[in-house]
Amino acid sequence: MGWLKNRFVYTFGGIALAILAWNVWVVLNDDGIIRGEVVSASGAPVEGATVKLTERTLLVARPRGETLTDADGRFTFTGHDLHHLFLEASKEGAGHAGPLEVRLYFKGENVNLHTPLRLDGTT
Amino acid sequence: MAGGADNAPALEGRRRGLAGLIPGSRKRSRDLALIWLFLAPSLAIFAIYRIVPLIWNAVLSFQFWSPYKPAEFAGLYHYEEMLFYDDAFWQTLWNTLIFMASAPVGIVFALAVALLVDTNIRGRNVYRTIFFMSYPVMTVAVGIIWQWLFNENVGLINYVLIELGIIDRGIPFLESFDWALPSVILASIWQVIGFYMIILLTGLQSIPPSLYEAAAIDGANALQRFRRITLPLIRPSLFLCFVVGIINSFTAFDLIFVMTGGGPGHATDLLITYIYSIAFRLSKFDYAAAITVVNFLLFLALAFLANRLAGGEAGAVKTGG
Amino acid sequence: MSRYPHWPIHLALSIASAAMLVPFYWVLKTSLTGENIFTFPPSLLPESPHIFYYVDVWYAIPFLRYLFNSIIVSVIVVVANVVLNAMAGYALTRDFPGKGATILLFLSCMMIPFQVTIIPAYLITSEMGLLNSYVGMALPLASTIVCIFVFKAAFEAIPKSLIDAARIDGVPDWMIVFRIILPLTKPAIATNVILSFIWSWNSFLWPLVIVRDAQMQTLPLGLARFLSVVEDTTGALYAFCVMVLVPGLIIFLLAQKEFITGLTSGATKG
Amino acid sequence: MRKLAIALAAGAATLAMTLHPGSASAQEKKITVMTWNIPYFTEGFDKWVAAFKKVHPDFEVERIDMKGTELPTFYQTQVVAGTPPDIVDVQGGLWLQYASQGGLKNLDPYLERDKDYTDRINPQILDNWKYEGHHYGVPLYISKTLLFLNRNMMKEAGITEDPTSFDEIMADAEKMTGGENTGFMTLNFDWLYWPLFAMNGVEFVGDDGKAAFNTPEAVALVKRLADLTEKGVINKISWTGRWVEPNGAFAAGNVGMLHAHAPAFLWFKSKADWVNDESVGAMNMPGGWSTPNSHSLVLSEGSKWPEEAWDFMKIATSGDGAYAMGTGTNNLTGDMQVNEKLMGYFKENLPAVVPILETQLQDLDKLTGNWPFAQDAAIKDAFYPELQAALLGEKSAEDALSEAERKVNRILQRR
């Protein structure tokens, strides 16, 4: 098996392993779930805010979904297949937030947004 | 220039090189058949992709023709047009000559580098690799990269020049009549210099060290050794470099296509880009063919001139041994 | 030559190397940070680098398909070059009537730029039914003149006494070829592999005209295609440049040991 | 070494195996459509194909999209080989070369026959593709030049009225110039800068078919433009840039006025946050002069299925197909009914472009720079470098224009 020990095998084997590992990671994390939170200008969770999801690629920008926040101000999108998107939140009387740019490493990556969308309080 | 020790046994007699080493070479005729058989595939490829197209161009250059019309005899119409009325032809010809004349600049620089990495310093292979690394880069990508390095507003080159206090505001290198051609040439030299270096290194390494030692004993200094031994002995390599330099003025096509498109005006148009745009942008294939023929003859003449300067070694373009 | 101190040589070479490497650095930096075409001065170090431009590119074009096509074409070209050039190079070491004319023909062929041959070459390829095929893309590069001369030089440099001695010892001919000739010409083979790989990997205009099917595009075509779509999005464009360059550079760096020896030590020292 | 031998043998085997014959016969029922650099336009294209297949269910549609620099090369090679794409999307004067050499189908018989289609198309727009009395193209999407105004800079310079003449444009530009700011800029590719000459009464060719631009007025104008360029009133990029550079410079916010074609607006809007319908004004050049830069579909003479291809062209350039084109690329089309519907769509979805698009349907009798020269590209190549040299101060205006006159006349009489 000595002929296996050369730099060509090492390099391409290494690349193949890296690709394999990456694909396993992708398969485990590509449910297309986006979780986040909408808060008011004072920082309190906002229920019933509309959150809009916009797709962005090199060529197009188009709306891809809408949802409402629950009682804790949290929202969830499922099953998206995007890698570059914008989130925008608004609620009558509580103002507007965003657009917040979200870039992902692969299409449909699961993501938990750590910074909440903060409504600006304008009407 | 067939190399190898010529102490062949009598039975293989007059033949040199590897002659007679392959089975079935007992008879001269079978031998010849084998030689031509070996040459056939390469010759066929060159015939299809070089010679036939050249003949096609030569025939076309005496006709009026376009993809949409039947051919018609034109005599010397296109040649007359080119030589007496087409200023752009003369400008592109001039640009091509400048472009080729810049090859020696690259070759001199490459020779300097080659001499330095031919010493026994540490890490010489790393240096060799770095210098050669730009050659494999796709020409389209070279164009894109350098286009931005030369950019008037955000280009690195302008930034460095401004920081050094050489200029006050950015120069639009690729848009300027004066700077566009030198800029393209610089990018082209960057790409091809590693190739020159490797060719020259080949030549340097084939010089037997004993020659230098003998010269040193005779009291020749470094400069004398370089002029008396190095330069004469790397003449074949230098010739190959010049040929590559000439050819480079049409492999630079992609570069110019991406970086300037031949502009501003015709400031960076070389013959090859001009021929291309006449044929495909103006649909004048007949006229383009006439320029092609002139271009070919010119280059051939230059190659043979270079060959004469190199001491008639064209048949022995060698990169090893 | 070891009488001289080494540091001035190192200094000179380091400066020159740095100059040669700047474009590489710049393309890599820009692919990670993007470039705002309105900001001056440009930042020399990458600020908040990220790899999202690569993600954008990955999803904007069928990169793997292009890569696959490029590899297939290059493999055909490389194999054909090694075989055909070795044959032609060997033939040129022999004496035969018409040798001078053949060499002259080869040298003249070098002076015909490929761009002007497109239309007739296209018609011939079309007659052969090779449009839109890998072989059609590879054929014009299947034998290259510089490489023929590389082989010729390598064969000429093999000492004939070596082979005669082997033959007298009763070594069969096929073994002579594989045990003596091939090892001695290994550097020439490496040279052929690298140069023909570079030329086919970067070939642009020919694939452009003979490929009609989007599924058959090669990387340079993809790059030009991409350039027109994102003419102004430098981050993504540079990311694609890097993606196009990396496979070629990996191959080069892996094979460069043989290559550099191939071109520099010459066949005599094999 | 055995490894190497095996590798070589395997390589040779692969080589032999891949030597298979090429694509199938050309007589299959298929039309090929080549579009000009709109790879993102896929949904609309699919709609065209669906509509086409309703009429011709047994036909396939092949699509090729090419960049402008590569499209002519590819097309001509295909023409020589006898397999031209049936329908081609062309810009500028490219079609003229093909039409004048007999490479395109004369569409008059089709246009006369299908009156209900022809009546939908604006005749002034349609006449853009008229050569020696015959029509060779139908409008796919339309655009022409207009003047964009940077209202912020105008306000700073105290300019309250929009300019109404060339002199006022230049006077305003001068007021806005200073420091990093330049007052005026134009695009220069094709003949896009020609309205500047047209509005000063300079004609390119006279009635005798010879160059008519070498007049004292033109010399004075070129001198003035060169002088203003030297002073920085006119941005130098006007004469050197292609389109990314000038549009990018306008987006940077320090150019007062930009003479460009309509699609430039969405481009610089996407680059710069400050751009909106208040900060950027749009107007036709004084006198209404503009250079069209529309795209049309043409039909190859070598098409094997001209009738079917014509049906496809009608679908793509009128009715729902044209609407799909308009919404997919944010442009207007040649179909006037569709344009009304499109304006409604833009008011709803993209109100910022409405003022710009409105200019596109005005002053259609004042189009210039769209002369039907058989050798349009050659004339451009002869004329522009001379003009450019004069504008950049490399050459005197007199020399440049007489040199250009000589060259242009030479081309006009050359075969």
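First the proteins, then the strands, lettered A, B, ... as listed; each starts at 1. Note: hydrogens, waters and symmetry copies are ignored here, and every other heavy atom, side chains too, is used.
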Would you say the side chains of C/N81 and C/T144 form a donor-acceptor pair under 3.5 Å?
-> yes
With chain C, which of B/G123, B/A289, B/P136, B/A288 has the greatest number of heavy-atom pairs at distances under 4.5 Å?
-> B/P136
Contact winner vs chain C - B/T139, B/V113, B/L37, B/D254, heavy-atom pairs under 4.5 Å = B/D254
Leading residue by heavy atom contact count with chain C [cutoff under 4.5 Å; candidates B/F257, B/W56, B/F299] | B/W56
Chain B interface, residue from C/G89, C/A19, C/A88 that has the most non-hydrogen pairs under 4.5 Å = C/A88
So which part of B/V52 gets closer than 4.5 Å to some heavy atom of chain C, the side chain, the backbone, both or neither?
-> side chain
B/T96-B/Y274 side chain donor-acceptor pair, cut-off 3.5 Å | no
With ring centroids as reference points, do C/F96 and B/W36 lie under 6.0 angstrom apart?
-> yes
Do C/S70 side-chain atoms and C/L219 backbone N/O form a donor-acceptor pair below 3.5 Å?
-> yes
Would you confirm whether the ring centroid of B/W190 sits within less than 6.0 angstrom of the ring centroid of C/F24?
-> yes
Max heavy-atom pairs within cutoff under 4.5 Å with chain B, candidates C/L141, C/I124, C/V244, goes to C/I124
Part of B/L54 within contact of chain C (heavy atom distance under 4.5 Å) = side chain
Where on B/I247 is there a heavy atom nearer than 4.5 Å to chain C: the side chain, the backbone, both, or neither?
-> side chain
